[in-house]
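Notes for the one structure printed next.
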Amino acid sequence: MPDPTIRVRIAPSPTGPLHIGTARTALFNFLFARHVGGTFLLRLEDTDAARGSEAFERDILEGLHWLGITWDEGPNPTGDGDIGPYAPYRQMQRLDLYREASDRLLAADLAYPCYCTPEELAADRAAQEAAKQPPRYVGRCAALTAEERAARVAEGRRPVTRFRVRPGVIAWNDLVRGRIEIDTTNLGGDFVIARADGTPLYHFTVVVDDAAMKISHVIRGEDHVGNTPKHILLFEALGYSIPQFAHLPLILNPDGTKMSKRKTQTAVADYQAEGFIREGLVNYLAYLGWSPGTEEDVLPLDEIVARFDIDKVHKGGAKFDRERLEWLNGQWIRRLEPDDLIDRLRPFLQAAVDDGRIDWLAPDDEVRALLPIVQERLPTLAAIVDLAGFLWTNEIRIDPVVLVPKRWDAATTRDGLTAAREALAAHDPVSWEADELEPPLRALAEARGWKAGDLFMAVRVAVTGRTATPPLFDTLVALGRDRTLARVDAAIAALADAPRAQPA
RNA sequence: GCCGCAUUCGUCUAGAGGCCCAGGACACCGCCCUCUCAAGGCGGAGAUCACCGGUUCGAAUCCGGUAUGCGGUACCA
């Protein structure tokens, strides 16, 4: 049952690639809205022209879309144009609205033009700091007469617009943190709502837009609690009704500070490029600061939506734990349908071809045949190249040290490989199948008094160059008879100068 | 400095006065399975619930204080 009164939003600023924290905030808004059948919208806060870019904008839209965090209103992620009754959803296209709102404030003397120069402001700040006072605007322009203003304009000064902060205590019942009260004397004095060039600032645009877009619940990061009183003041002054607020706990670096790209990988696109899948990422993000209260760990998005309850959101921050993310990602990769997995693997294989880690792109059917032995071994999609890349390379590099099994010496390894080569070559090429290949090699090991594991390991390294691979005989089948024999031959040749093994 | 917020195993968390001398998961260790690596199964170690005081027959859960940590303090968002 849809609830048209519930309207929430994510309002990213295109000043960087989609950040894990933004994705998490978007996810919680999405979960809140979907759980009750409300509306989730996306608005681009692009008023910081100096730092913003269209490339970041695309990255954010595509990233959220990729994660499955889809919006009901906002910029169209697949083309031009905005969707929804309150379009446009880009602030740079809503400048008239902010202008109109600030004119109203100016007319009512709820805001005023401020002619202070950056130098004056800096000096004020320095003085306050020296006197151990909290920094705040001193109000130099708060009570200027018309003549005084005219004089400043005549000097060529362009004013910013400052909002008058009224004395009092601002309080609200935060949906996650309970009642919060902040005295407006701690807000730093009258604050700027529009730059000298007329472009509006964040505090002002959020309020104007949240009101215009009928936002019922503002769900955002904890770092915004201090901004909330300013916003409430603005809602009040503009005559708008005040939405509910919910401040989410922060995602933290391992050292407990707010997650930052200096200390933690924060770009969603980077996780995507490493082969994390949306199911794993979303599941992980949802459990950062929230839990269903059950012992379920692996939960699909629709189940998370069904269980989501903002009352269960924590107050304390959560450290980002990549190991847990990897585990969850592996859980989700194992749950993918074969065709789906193949589709998702393909770009990673192609990337490996492009940068030369493998020599050709495996056909889908070959990858499909491999799935039973690789799917449960993939913590990420990208891991496929390390796990099975030897199948798609012309030459493998073998470290002679790892070619020799731990309990063997070089001579024994050469003899073992030679004997194995013979057994494999003698094998009927038509029945080159895993369960057919294993018995002869086991018999060989037994006849020679070798541990089967040692023989297998020598062959494994000879044909793959690695000590950790999918099961050996499946690997030999995937490789095919010719390449198997050729690689064993090459390994034997590499051991050619080893002394003869003493007969046991 | 000032304002605000937070605090349960290393990490993510369960826990809303007795079910908790605290449960699950990741990571770690061991065993099983086993040709390696995974996956899976079983088991182990790991939290005097930040500390102090109070309320109560009874507190991780309620109250007060302390400590520590974090966030904010822009003509950024």
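The sequence lines fix the lettering, A, B, ..., with proteins before strands; numbering per chain opens at 1.
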Would you please confirm or rule out a distance under 4.0 Å between OP1 or OP2 of [N] and any side-chain N or O of [X]?
| X | N | result |
| --- | --- | --- |
| A:Lys312 | B:A16 | no |
| A:Arg322 | B:C12 | no |
| A:Thr469 | B:C37 | no |
| A:Arg195 | B:A74 | no |
| A:His224 | B:G71 | no |
| A:Thr47 | B:C76 | no |
| A:Arg125 | B:A74 | yes |

Contacts of A:Phe191 meeting ring-ring contact (aromatic ring centres under 6.0 Å, His included) (sequence neighbours excluded), chain-then-number -> A:Phe163, A:His203
Exercise. Do A:Pro200 and A:Leu95 have side chains that get closer than 4.5 Å, going by heavy atoms?
Worked result: yes
Checking B:G72, B:U13, B:A25 against the side chain of A:Asp223 (C-beta onward), the nearest is B:G72
Against the side chain of A:Gln331, the closest entry in B:C75, B:G40, B:G1 is B:G40
* A:Leu288 near the nucleic acid: base, sugar-phosphate alone, or nothing, with a heavy-atom cut-off under 4.0 Å? -> sugar-phosphate
